> 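Here it is, the structure, as structure tokens.
Every value quoted in this text rests on a predicted model; they were computed, and no experiment measured them. All values below come from the heavy atoms of this structure, side chains included, with hydrogens, waters and symmetry mates left out.
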Number of protein chains: 2
Amino acid sequence: MAATLADVAARAGVSTATVSRVLNGNYPVSAVTRERVHRALGELDYVVNGPARALAAATSEVIGVIVNDVSDPFFSIQASGTQWEAASADLLAVICNTAGSPSDELKYISMLLRQRVRGVVLTGGTREEPEHLRAIAKLISQALSAGTAVVMCGRPAPPDVDVPCVAFDNEGGARALTRHVITMGHKRIAYVAGPAGNSTTTARLKGHLSALDEHGLDKSVVVHGDFSRASGFDAAMELIGADVTAIVAGNDLMALGVIAALRQRGVQVPRDISVAGFDDLPSAVDVVPALTTVRLPLDQGARRAGRIASGVEAVTGPTTLWMPAELMVRDSVARLTE
Amino acid sequence: MAATLADVAARAGVSTATVSRVLNGNYPVSAVTRERVHRALGELDYVVNGPARALAAATSEVIGVIVNDVSDPFFSIQASGTQWEAASADLLAVICNTAGSPSDELKYISMLLRQRVRGVVLTGGTREEPEHLRAIAKLISQALSAGTAVVMCGRPAPPDVDVPCVAFDNEGGARALTRHVITMGHKRIAYVAGPAGNSTTTARLKGHLSALDEHGLDKSVVVHGDFSRASGFDAAMELIGADVTAIVAGNDLMALGVIAALRQRGVQVPRDISVAGFDDLPSAVDVVPALTTVRLPLDQGARRAGRIASGVEAVTGPTTLWMPAELMVRDSVARLTE
DNA sequence: CTCGGCATAGAAAGCGCTTACTATCAGCGT
DNA sequence: ACGCTGATAGTAAGCGCTTTCTATGCCGAG
């Protein structure tokens with residue numbers, strides 16, 4: 001149905017090689033011939049057949065991006081950044097949603113490999129189960145040996161594979177945040193962590209605990225959620241009896257849930273209990289009180305990762321690029337005056 | 001580098017045809033042979049070459065989704081729904097971000113066509129400029145004649161092309177919302193519309209104006225934003241002198257901006273001015289006051305579109321599937337008691 | 001026994017493109 | 001004049017897979 005190179009060649013009275021050269025512009029073609037080919041191209045509404053080109057040239061024009069959940073701003077911001085860079089390199093970015101399922105993650109990675117993508121960016125935290133990490137590692141080395149670039153964005157490289165990583169300072173950011181809460185006079189601080197066994201959860205929790213440690217404070221009040229708003233809501237309900245003056249959440253979504261739960265129970269934030277989040281989502285400033293949180297340069301990091309995966313930027317030297325975290329002090333953490 | 005079918009065939013001592021048959025399971029292969037092939041497959045870490053398969057079989061395992069902005073929940077929810085359906089049909093969904101640019105939209109559609117995707121879902125409002133619509137229409141008919149399914153989700157079909165549409169009742173929802181505001185006693189109502197020349201803007205504005213019409217109210221206070229939070233903020237600043245008791249926004253993001261601006265100016269919502277949005281984003285309930293808005297079954301509609309594009313569900317009868325809008329009455333619109 | 005028919009397996013022809021490699025034909029120096 | 005060089009164009013060999021068509025056994029029926 002669709003016109004092929006051969007159709008165009010026939011119409012222009014040249015060989016398919018010539019048409020291909022006009023299309024790719026990597027070989028001299030005389031102006032008059034080129035003009036004829038262009039006319040034929042237009043008249044036939046020719047559209048390159050990507051798969052055929054990929055097969056012949058052994059290289060494709062797509063890169064893949066693995067995210068946990070596109071509808072979570074944390075990920076969609078990164079996806080958008082990576083895609084922007086891919087597009088400027090004239091590549092198509094495929095965004096794949098794992099919905100947090102490790103098996104879907106593996107499935108999508110192999111789908112991408114099967115499509116012989118140029119590169120793959122893995123974003124967000126990873127499950128820390130050894131078998132999963134090994135499975136990922138195996139796929140990655142397969143990819144690498146097939147010439148596919150792999151970049152980690154916001155997650156550590158699995159053991160024994162050498163891939164570039166864009167790392168966000170989750171631990172340092174969490175430490176700075178909890179230090180701030182402590183500075184405001186809080187001594188009994190609860191923590192709503194992300195899902196156990198997730199690399200991001202682990203790093204943030206570690207930062208939080210180390211800040212408590214510095215001041216010899218109680219580290220026992222930790223509950224786990226799953227980074228969703230609903231889980232923050234539930235965690236707060238569970239925490240309402242606890243004797244704490246502040247609740248620090250592992251991310252903004254959960255902090256929002258915490259605030260909603262407290263409000264529903266008539267607990268005023270920050271007068272009665274202070275709340276802090278992490279990520280600095282766009283909506284963090286719309287909540288009342290505006291959320292004290294930590295900003296991560298997600299967009300910038302994701303773009304960097306996108307450039308590496310697209311082959312636009314080469315990685316030299318150490319393969320881990322650290323991105324700093326920035327404390328955003330707003331209104332949800334109050335000074336304790338008693 | 002990577003193993004090919006021929007490598008596997010050699011290792012298993014069979015022909016490539018047999019391996020292909022084992023892989024696709026659409027032809028009888030004896031149990032012992034199949035077993036041998038499977039072993040060889042595993043030993044060589046064989047991964048199908050997608051492009052080669054697509055070329056030979058003239059059909060790919062990819063569908064494309066065009067969105068304006070993945071980091072906007074309105075779109076990411078739809079993208080996620082479509083992708084979910086694609087994955088259950090064992091297809092890869094490519095999510096493409098146009099950032100609202102018509103030329104990027106065209107560019108992405110042709111990239112998808114070039115990749116010979118199975119289907120394409122176009123989500124969100126469209127620019128209404130005739131040239132753009134014509135260009136889109138042309139690409140769509142090319143796609144259609146190449147056997148690629150095209151589905152519109154939340155936008156009208158361009159003129160003269162017959163494609164299935166999943167339509168959200170923007171006009172009816174907007175009418176219901178403004179009627180509600182009127183019922184609450186408001187008579188001077190401002191409207192912060194989306195960008196001019198956008199199909200969604202047009203439909204929602206039309207619904208709003210028709211409700212005003214029914215009650216003979218003033219229709220003159222309309223300003224345009226671009227659906228972003230920032231533009232809502234600016235619009236509210238502009239509106240602050242105006243003599244209105246309610247501000248209805250074209251979407252929740254702008255409503256959030258409006259509320260932030262009013263708060264900054266010391267105007268209390270809803271005591272001094274009522275505010276309403278549209279879309280019912282997840283964060284609409286976290287704002288104070290909780291946002292009165294309209295819910296669209298985005299996820300459901302997007303999944304439907306995904307199923308059609310994947311070829312799982314055939315469209316029969318009328319090609320436009322209407323999805324209802326639902327008024328969500330919350331706290332940001334107050335009853336006017338004077 | 002021999003033959004039609006069935007279940008399997010292989011041979012080989014592409015799918016639409018890229019890219020060596022080869023051919024052609026000016027214009028040039030000697 | 002003659003071979004050379006350089007600029008263009010064509011030829012044709014795949015890229016890795018699917019699939020049609022063609023073998024090859026093997027069965028039971030005649």
Side-chain angles (χ1 to χ4, degrees), chain A residues 1-38 40-41 44-62 111 113-118 142 146-148, chain B residues 1-38 40-41 44-62 111 113-118 142 146-148:
Chain A
M1 199 84 220
T4 71
L5 250 205
D7 299 332
V8 176
R11 174 143 199 148
V14 299
S15 70
T16 62
T18 301
V19 179
S20 172
R21 284 160 184 154
V22 169
L23 249 23
N24 295 298
N26 50 9
Y27 193 87
V29 173
S30 74
V32 301
T33 311
R34 196 176 327 127
E35 175 46 32
R36 270 223 312 278
V37 170
H38 272 135
L41 247 16
L44 295 176
D45 280 335
Y46 176 75
V47 178
V48 177
N49 182 314
R53 172 181 283 186
L55 178 57
T59 157
S60 80
E61 315 172 287
V62 344
M111 273 182 144
L113 258 37
R114 186 187 314 160
Q115 297 302 323
R116 296 296 193 268
V117 297
R118 276 245 189 115
Q142 264 182 248
T148 300
Chain B
M1 200 85 221
T4 71
L5 250 206
D7 299 333
V8 176
R11 174 140 197 152
V14 300
S15 71
T16 61
T18 301
V19 180
S20 172
R21 285 162 184 154
V22 169
L23 250 22
N24 295 298
N26 50 8
Y27 193 88
V29 173
S30 74
V32 301
T33 312
R34 196 176 327 127
E35 174 48 31
R36 271 223 312 277
V37 170
H38 273 134
L41 246 17
L44 294 176
D45 281 333
Y46 176 75
V47 177
V48 177
N49 182 314
R53 172 179 284 184
L55 177 57
T59 156
S60 79
E61 315 172 287
V62 183
M111 274 182 142
L113 259 36
R114 186 187 314 158
Q115 296 302 322
R116 296 295 194 268
V117 296
R118 276 245 190 114
Q142 264 182 245
T148 300

> Looking at C:dA9, I'd like to know if its phosphate oxygens (OP1 or OP2) sit under 4.0 Å from a side-chain N or O belonging to B:Ser30.
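Yes, B:Ser30 has a side-chain N/O under 4.0 Å of OP1/OP2 on C:dA9.
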> On DNA chain C, does the nearest nucleotide to B:Val32 precede the nearest nucleotide to B:Leu55 from the 5' side, or the other way round? Give the residue.
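It is B:Val32, whose closest nucleotide lies nearer the 5' terminus.
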> Is a side-chain N or O of B:Thr16 found less than 3.5 angstrom from the main chain of B:Ala9, in a donor-acceptor match?
no
> Can you figure out which of D:dA12, D:dT19, C:dT8 approaches the side chain of B:Arg21 most closely?
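Ranking D:dA12, D:dT19, C:dT8 by closest atom to the B:Arg21 side chain puts D:dT19 first.
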> By the 4.0 Å heavy-atom rule, please label B:Ser20 as base, sugar-phosphate, or nothing.
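B:Ser20: base contact, heavy atoms under 4.0 Å.
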> Go nucleotide by nucleotide along DNA chain D from the 5' end; which of B:Arg53 and A:Gly13 gets its closest nucleotide reached first?
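Closer to the 5' end of DNA chain D: A:Gly13.
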> Grab the CG-P distance between B:Leu23 and D:dG16 for me, whole Å please.
15 Å
> Among D:dC15, D:dG10, D:dT8, find the nucleotide with the atom closest to the side chain of A:Val14.
D:dG10
> Starting from P on D:dG10, measure out to CG on A:Leu5 and report it in whole angstrom.
13 Å
> Just the rounded figure in Å: distance from C1' of C:dC15 to CZ of B:Arg116.
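One finds 11 Å between C1' of C:dC15 and CZ of B:Arg116, rounded.
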> Need one value for A:Ser15: base, sugar-phosphate or nothing, where a base atom within 4.0 Å counts as base even if backbone is also close, heavy atoms only.
base
> Counting distance alone, no hydrogens or angles: does the base of C:dA7 have a donor or acceptor under 3.5 Å from a partner atom on the side chain of B:Tyr27?
no
> With respect to A:Glu61, which candidate in A:Arg116, A:Arg118, A:Arg53 satisfies the salt bridge (charged side-chain N to carboxylate O under 4.0 Å, His left out) definition?
A:Arg53
> If you check every side-chain atom of B:Val29, which of D:dT8, C:dA9, D:dC17 has the closest atom?
C:dA9
> Could you tell me whether B:Ala17 contacts a base, only the sugar-phosphate backbone, or nothing, with contacts defined as non-hydrogen atoms closer than 4.0 Å?
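Base: the residue B:Ala17, judged by heavy atoms under 4.0 Å, touches a nucleobase.
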> What's the closest nucleotide to the B:Asn24 side chain, out of D:dG16, D:dT18, C:dA9?
D:dT18
> Starting from C1' on D:dG16, measure out to OH on B:Tyr46 and report it in whole angstrom.
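Distance check: B:Tyr46 OH to D:dG16 C1' gives 7 Å.
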> By nearest atom, which of the nucleotides D:dG10, C:dT19, C:dT8 is closest to the A:Asn26 side chain?
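When the side chain of A:Asn26 is considered, C:dT19 is the closest of D:dG10, C:dT19, C:dT8.
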> Can you check whether A:Val22 reaches A:Val14 side chain to side chain, under 4.5 Å on heavy atoms?
no
> Measure the distance from CD on B:Glu61 to C1' on D:dG16 and round it to the nearest whole Å.
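Spelled out: CD on B:Glu61 to C1' on D:dG16 is 14 Å.
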> In whole Å, I'd like the distance from the CG atom of B:Asn49 to the P atom of D:dG14.
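Spelled out: CG on B:Asn49 to P on D:dG14 is 18 Å.
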> Could you check if a side-chain atom of A:Val8 sits within less than 4.5 angstrom of a side-chain atom of A:Arg11, using non-hydrogen atoms only?
no
> Counting only side-chain N and O atoms of A:Thr18, is one of them less than 4.0 Å from OP1 or OP2 of D:dG10?
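A:Thr18 to D:dG10 OP1/OP2: side-chain N or O found under 4.0 Å.
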> Taking the side chain of B:Thr33 as heavy atoms from C-beta outward, which of D:dC17, C:dA9, C:dG16 is closest to it?
C:dA9
> Would you say the side-chain atoms of A:Arg36 pair up with the backbone N or O of A:Ala12, donor to acceptor, closer than 3.5 Å?
yes
